[in-house]
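Accompanying notes for the structure given below.
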There are 2 protein chains.
Amino acid sequence: MSKREAKPLNTRSRGQTALVVKTLGRKIASAELRPGDTLPVEQDLADSLQVGRNSLREAIKILSAKGMISTAPRSGTKVRPPEDWNMLDPDLLSWHADPKIATPEFLLSLTETRRIIEPEASRLAARRATREDVARILSAYERMEQFEETEVDLDADIQFHTSILTATHNPILANFRHCIITFLNAHFRYADKDVMTTASNLAMHRKIAWAIAAGKEQDAFDATAELLEVNRGKIESEIETLKDQ
Amino acid sequence: MSKREAKPLNTRSRGQTALVVKTLGRKIASAELRPGDTLPVEQDLADSLQVGRNSLREAIKILSAKGMISTAPRSGTKVRPPEDWNMLDPDLLSWHADPKIATPEFLLSLTETRRIIEPEASRLAARRATREDVARILSAYERMEQFEETEVDLDADIQFHTSILTATHNPILANFRHCIITFLNAHFRYADKDVMTTASNLAMHRKIAWAIAAGKEQDAFDATAELLEVNRGKIESEIETLKDQ
DNA sequence: TCATACTAATTATCCTACTAATGCGCAATC
DNA sequence: GATTGCGCATTAGTAGGATAATTAGTATGA
């Protein structure tokens, strides 16, 4: 029953192509390969990565589908500028959230986006949630309440927020769940889990769930905004801590 | 100088792979291929599309990078459910916006997302825009003001809104420009361009640009919210018209 | 100076062969 | 009769070579 929200992405698998995607993708995300850089010609790159040309080419195609590189005969394979990347791609987000790569700016962009999206999403959820949607949200909340083990807590937290996004019945908004998943996963690594924080955190989630279940749109909005505001404060102080180190 | 915002996407090109991506992608987006459906085995599909197996495979990899299909040895290539698709992918959006495919629900999802993102984006732009950002926004507005030819108008409109997103200096928010581009392109086909609408439209854009340039955050928010609210009304009535037909 | 044709470098495509993973059915076992 | 384990057949994955298509850069000529 503790299955992850993150579906078995094809990139997760351990094939040659997936490996190359991850290798090159992380190099680009970490700016080891900079925008405008030209990659070695196919055969050389394939040789140096010790894969066949086909596997390399398929990896290249995947990265180009994510907007990270472009190819053209004669000019070669080039790294595209970050503004062209599909930042909501689950893989891209996970590469960015890697502790060795993640910048404070990126984490702030994530929270900022959450603060914009999620309160309105809660409002819409309060308006449109079906019985099933409400059940999912409440069940996630109960799981958060029940367990204190950190691992389960994180899963339930993710489930809680994604259920709300789903309840908006807006497929574009629902795609933001990857931001939340990425953020919570990253945050989980840094956050200090003192009991006080956990208790008030739980209370705020409860308020959100209740408001949505009761169809109180403005309450749902306010409660979510409050939760994220508190989160923002925590994040900013954590980032300060990171910077000092 | 009238170059399009839409960059030369690799998928735009006319290669075999790009063609297959488009063909299959549109079939999936239009639900001609339904979630869970299994595609024919590689060789058969390649034959029926009259391309080599490699080109087909590369197309498959691109679509799987967009979250639309999944592959596994022995089980075959399957269409994934819409909630797994990267809805902010430019190609995916353009396929959805196709008149033959676009549903009213999808257009409403787009406007709804815009109404959530853009007012807050304008607020952030008012707070953070650099001189260059402001210059871009004002220049786009001037272009809107200057020309009445519809083609140029659309470009300038797109430029106006994307400039604001860029001015937030939040790379995740900036990715929403594809929603705007898609929406405006789709809207452009249906909208009735009467002078009155254009004039008030222009005035609202002017108010937004002014507020951002002046750093008046709340004004920028309000003006953008107003613009999108008016737009929403128009869209909804247009959708009603579509439904009647 | 500009236009035009040529050349060479690089990706794109196709093919053939082989490898690896795994769903399914059959048989052995409890 | 149900369950488990095993092998086979099917399917995607990997590899590498040959050829085509594209085009940046260069040379040529008006």
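Excluded from the calculations below are hydrogen atoms, water molecules and symmetry mates; all remaining heavy atoms, backbone and side chain alike, are included.
Distance check, rounded to the nearest 0.5 Å: CD1 of Ile60(B) to CG of Leu56(B) gives 4.5 Å. Distance check: Gln16(A) CD to Leu49(A) CG gives 10.0 Å after rounding to the nearest 0.5 Å. In this structure, His187(A) NE2 and Asp157(A) CG are separated by 10.0 Å, a value rounded to the nearest 0.5 Å.
Put simply, NZ on Lys61(B) is 6 Å from P on dT14(D), counting in whole angstrom units. Taking atom CZ of Arg57(A) as the reference point, atom P of dG16(D) lies 15 Å away to the nearest angstrom. What separates CD of Glu58(B) from P of dA12(D) is a distance of 16 Å, to the nearest Å. Between the CD atom of Gln43(A) and the P atom of dA12(C) there is a distance of 15 Å, rounded to whole Å. Remark: C1' of dA12(D) and CG of Asp44(B) are 13 Å apart, rounded to the nearest angstrom. As rounded to whole Å, 13 Å separates atom C1' of dT11(D) from atom CG of Leu39(B). At whole-Å resolution of the value, CG in Leu56(A) and P in dG13(D) are 16 Å apart. Put simply, CD on Gln16(B) is 14 Å from C1' on dT11(C), counting in whole angstrom units.
Using a cut-off of 4.0 Å between Lys/Arg side-chain N and Asp/Glu carboxylate O, Lys78(B) and Asp84(B) are scored as not salt-bridged.
Comparing Ile60(A) and Arg74(A) along DNA chain C, the residue whose closest nucleotide (by nearest heavy atom) sits nearer the 5' end is Arg74(A). Between Asp47(A) and Pro73(A), it is Asp47(A) whose nearest contact on DNA chain D lies nearer the 5' terminus.
Side chains of Thr182(B) and Asn185(B): no donor on one and acceptor on the other come within 3.5 Å.
Using a 4.0 Å cut-off, no side-chain N or O of Ser55(A) falls inside it from OP1 or OP2 of dG13(D). Taking side-chain N and O atoms only, Ser75(B) has no distance below 4.0 Å to OP1 or OP2 of dT11(D). Remark: Thr17(A) is not in phosphate contact with dG13(D), judged by side-chain N or O atoms under 4.0 Å from OP1 or OP2.
At a cut-off of 3.5 angstrom, the base of dG16(D) holds at least one donor-acceptor pair with the side chain of Asn54(A).
Looking at the side chain of Arg53(A), the nearest of the listed nucleotides dG17(D), dT23(D), dA21(C) is dG17(D).
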